[in-house]
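First up is the structure itself, then whatever we jot down about it.
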Amino acid sequence: MGRQFPFSSSILLQALIVVTISCCSFNIVVEGVIGVNWGRQTSHRLIPSTVVDLLLQNGIHHLKVFSVSDNVLEAFGGGDIAITVTLPNESLKNIMSSEAAERWLQHRIRRHRFNNINISSVYVGNQPFSTFYHTDTYNNAVDTLKYIQEAIYTNGFENIVATTAHFTDVLKPGIMKPSEADFRPDLKKRMVDFVSILNTSNAPFVMDIFPIHFVAQHKWDMEFCFLDNKSNFSIEDNGHVYTNVFEFVYDSFVVALTKAGAPNVRVMVGQIGWPTDGYPGANVSNAERFFREFIPFVKSTKGTPLRPGISIDAYIHSLVDENRGRINLGAFQRHWGVYLPNGKPKYKIDFSGGHRDMYPTTAKGVVFMPNRWCVFKGDKTNLTKVENQVRRACAEADCTSLLPGGSCSQLTFDQNVSYAFNRYFQMNSQYITNGAVVILRTWRPW
Ligand SMILES: *[C@@H]1O[C@H](CO)[C@@H](O)[C@H](O)[C@H]1NC(C)=O
Ligand SMILES: *[C@@H]1O[C@H](CO)[C@@H](O)[C@H](O)[C@H]1NC(C)=O
Ligand SMILES: *[C@@H]1O[C@H](CO)[C@@H](O)[C@H](O)[C@H]1NC(C)=O
Ligand SMILES: *[C@@H]1O[C@H](CO)[C@@H](O)[C@H](O)[C@H]1NC(C)=O
Ligand SMILES: *[C@@H]1O[C@H](CO)[C@@H](O)[C@H](O)[C@H]1NC(C)=O
Ligand SMILES: *[C@@H]1O[C@H](CO)[C@@H](O)[C@H](O)[C@H]1NC(C)=O
Ligand SMILES: *[C@@H]1O[C@H](CO)[C@@H](O)[C@H](O)[C@H]1NC(C)=O
Ligand SMILES: *[C@@H]1O[C@H](CO)[C@@H](O)[C@H](O)[C@H]1NC(C)=O
């Protein structure tokens with residue numbers, strides 16, 4: 001980009017960066033960790049024991065779930081998968097004292113720990129300060145973090161870390177260089193308090209990055225998302241050259257943390273991924289391309305311009321598509337999965353970062369419904385009725401692939417209707433009420 005910025009603005013920052021680098025170069029470098037997020041906002045779910053098997057088959061030993069659901073955690077009794085659990089946003093307000101935090105820990109965590117379930121971190125809410133996701137932000141998160149952290153110490157659970165994840169919108173909008181980064185002015189004080197708790201407990205600051213969305217917001221070339229350095233577009237900042245959005249965002253957070261008084265706080269990536277539908281460029285070939293370079297990058301301990309040689313832990317978002325997920329940012333949010341909800345991989349990905357050209361393991365033991373689907377009869381004598389029924393079907397089922405930019409956005413009206421009813425039919429486990437304007441077909445592929 002041709003934009004120039006005053007040279008003088010970041011002399012102090014440069015000084016801080018030099019200190020950071022020289023102090024961190026004494027750290028022992030370990031390979032970055034690749035974990036996976038398992039969101040469960042789906043009409044049909046893989047059972048937890050299937051997921052345990054799937055993760056282990058793929059050599060994944062770190063999982064994040066967005067709840068503290070007992071029936072999920074109980075499947076992880078072997079202890080060889082480290083689990084991050086999430087205190088739901090809505091529960092933050094219930095943990096406003098040491099006693100409440102203590103009760104929560106006793107009730108939700110202690111029992112599982114005794115059963116050898118390796119709960120390694122607790123997130124207090126999920127992106128509580130994001131404005132994209134909520135109309136009101138969860139202001140209590142800082143206090144809740146403090147109380148939970150204290151309860152972890154008093155219970156002797158020092159090997160559990162408490163933190164939460166932050167979306168990129170906690171940064172001041174419109175930054176064109178990492179050195180310009182800072183937390184949003186309305187959040188600054190809260191962030192200073194937040195990172196000071198992380199600093200004293202040695203918990204990581206967690207950032208969630210959606211490259212395709214970030215680049216679109218900045219109207220940058222999509223090539224800038226990929227780490228294979230094919231982008232003609234790069235950003236220069238104090239002698240550092242950014243050739244991809246990941247390093248740009250990561251270092252922007254490092255700068256913001258430095259300005260918040262915590263230059264050395266650990267940093268990790270809580271969500272990063274590539275959707276396969278519902279957005280221009282959201283497709284399987286781009287997802288493959290993204291991860292083909294991203295995972296080896298994380299594993300390489302190459303680090304970023306501001307944190308060279310520092311390993312990066314990153315959780316891939318997400319294990320499966322979520323047909324009931326929120327779509328406030330766009331239709332693509334239901335298409336994050338490396339896997340379809342039935343446990344079949346959508347694209348090739350080598351979780352080990354070894355550049356192997358391979359599909360990940362398919363989930364075992366999944367019971368499939370019969371091969372049959374709904375097709376519109378074509379009766380449009382009462383078009384209003386058809387349209388109303390389609391609307392009702394799509395209010396419950398996931399029709400995001402029909403939306404502009406989606407993989408089925410080119411369908412005809414009749415095909416749209418079939419698609420909508422079929423999604424509804426499958427979502428309801430092929431149960432159908434009478435009087436619907438569809439017929440049922442059994443699949444005969446030969
Ligand atoms: C739990 O996971 C952590 C983080 O990976 C690991 O260091 C620890 O050894 C695991 N504990 C057990 C009992 O497997
Ligand atoms: C709280 O976090 C969840 C994810 O765990 C997110 O889906 C939800 O939108 C957030 N809650 C609210 C009220 O925004
Ligand atoms: C972070 O920790 C370091 C040393 O442990 C300390 O010097 C620094 O003041 C702390 N920063 C904050 C913001 O608490
Ligand atoms: C990426 O390309 C730029 C030139 O566009 C070059 O300066 C840089 O060294 C390359 N980086 C890597 C990692 O290959
Ligand atoms: C980069 O620039 C070169 C030369 O201008 C051009 O041939 C190439 O197509 C560009 N690549 C991309 C990905 O835009
Ligand atoms: C995926 O999107 C890219 C544009 O980013 C396009 O060039 C490519 O053909 C698409 N691939 C598929 C399989 O649709
Ligand atoms: C068409 O269907 C709508 C909604 O079901 C109904 O209200 C309306 O009376 C119907 N119109 C005719 C002409 O049957
Ligand atoms: C099909 O449905 C989508 C989503 O509602 C809509 O955008 C599109 O215009 C429809 N196509 C036709 C031909 O009606």
Side-chain angles (χ1 to χ4, degrees), residues 28 30-36 52 55-56 59-65 73 75-85 109 112-123 152 156-163 202-204 206 211-213 215-216 219-228 230-233 244-245 266 268 274-293 311-315 332 335 346-348 351 379-393 401 404-410 417 433-438:
I28 297 161
V30 288
E31 196 176 77
V33 157
I34 287 287
V36 170
V52 173
L55 295 174
L56 293 177
I60 296 167
H61 292 275
H62 294 80
L63 177 74
K64 175 161 87 233
V65 290
L73 294 178
F76 290 82
D80 39 11
I81 295 177
I83 304 176
T84 297
V85 296
I109 305 294
H112 296 305
R113 295 272 293 188
F114 280 144
N115 289 334
N116 198 24
I117 294 161
N118 192 355
I119 297 177
S120 60
S121 3
V122 172
Y123 282 16
I152 284 172
F157 289 153
E158 273 86 359
N159 51 3
I160 299 185
V161 298
T163 184
N202 195 29
V206 183
I212 197 172
H213 177 70
V215 161
K219 301 193 168 54
W220 289 339
D221 184 357
M222 200 200 293
E223 286 291 305
F224 194 57
C225 291
F226 301 98
L227 283 83
D228 49 14
K230 291 193 179 131
S231 168
N232 284 346
F233 168 67
N244 62 78
V245 72
R266 279 202 292 143
M268 63 168 277
W274 197 278
T276 57
D277 205 344
Y279 210 61
N283 63 39
V284 295
S285 43
N286 280 339
E288 266 183 25
R289 181 180 165 199
F290 178 75
F291 285 118
R292 196 160 51 228
E293 299 305 328
S311 69
I312 298 166
D313 295 349
Y315 280 62
F332 65 92
H335 305 278
K346 295 196 301 201
Y347 49 83
K348 292 177 184 171
F351 290 110
D379 180 355
K380 286 176 278 193
T381 42
N382 188 341
L383 199 57
T384 318
K385 185 174 168 191
V386 175
E387 283 168 349
N388 285 347
Q389 291 201 3
V390 164
R391 205 169 301 121
R392 272 176 49 206
S401 300
S407 55
C408 296
S409 57
Q410 306 304 322
V417 178
T433 49
N434 58 352
V437 291
V438 293

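Treat the numbers as computed from the prediction; the structure is a model and nothing was measured. As the structure lists them, so they are numbered: ligands from 1, and atoms in each ligand from 1. Residue numbers run from 1 in the order of the sequence given.
Residue contacts with ligand 1, taken as heavy atom pairs separated by less than 4.0 Å, do not involve H61 at all. Of the heavy atoms in T384, none comes closer than 4.0 Å to ligand 7.
Qualifying side-chain hydrogen bond (donor to acceptor under 3.5 Å, both in side chains) partners for T381, counting only residues two or more places apart in sequence or in other chains: D379. Shown here are the salt bridge (Lys or Arg N to Asp or Glu O under 4.0 Å) partners of D228, two or more places apart in sequence or in another chain: K230, R289. Residues forming a side-chain hydrogen bond (donor to acceptor under 3.5 Å, both in side chains) with R392 (at least two apart in sequence, or on another chain): none.
For ligand 1, the atoms sitting less than 4.0 Å from at least one non-hydrogen atom of A82 are 2 (O), 4 (C), 5 (O), numbered in the order shown with element in parentheses.
Of the N or O atoms in S120, none lie within a sub-3.5 Å distance of an N or O in ligand 1. Between D80 and ligand 1, no pair of N/O atoms sits closer than 3.5 Å.
Ring pair W274/F332: centre-to-centre distance not below 6.0 Å.
Atom CD of Q410 is surrounded by 12 or fewer heavy atoms from other residues, nucleotides or ligands within 6.0 Å.
Residues lining ligand 6 at a heavy-atom distance below 4.0 Å are given as G281, N283, S285, N286, ordered by chain and residue number.
Side chain of T163 to main chain of A203: no donor-acceptor pair is present (N/O by atom type, distance under 3.5 Å, no hydrogens or angles). A donor-acceptor contact shorter than 3.5 Å is absent between the side chain of N115 and the backbone of I117.
For the side-chain contact (heavy atoms from CB on, under 4.5 Å) criterion with I160, the lone passing option out of T84, V122, N118 is V122.
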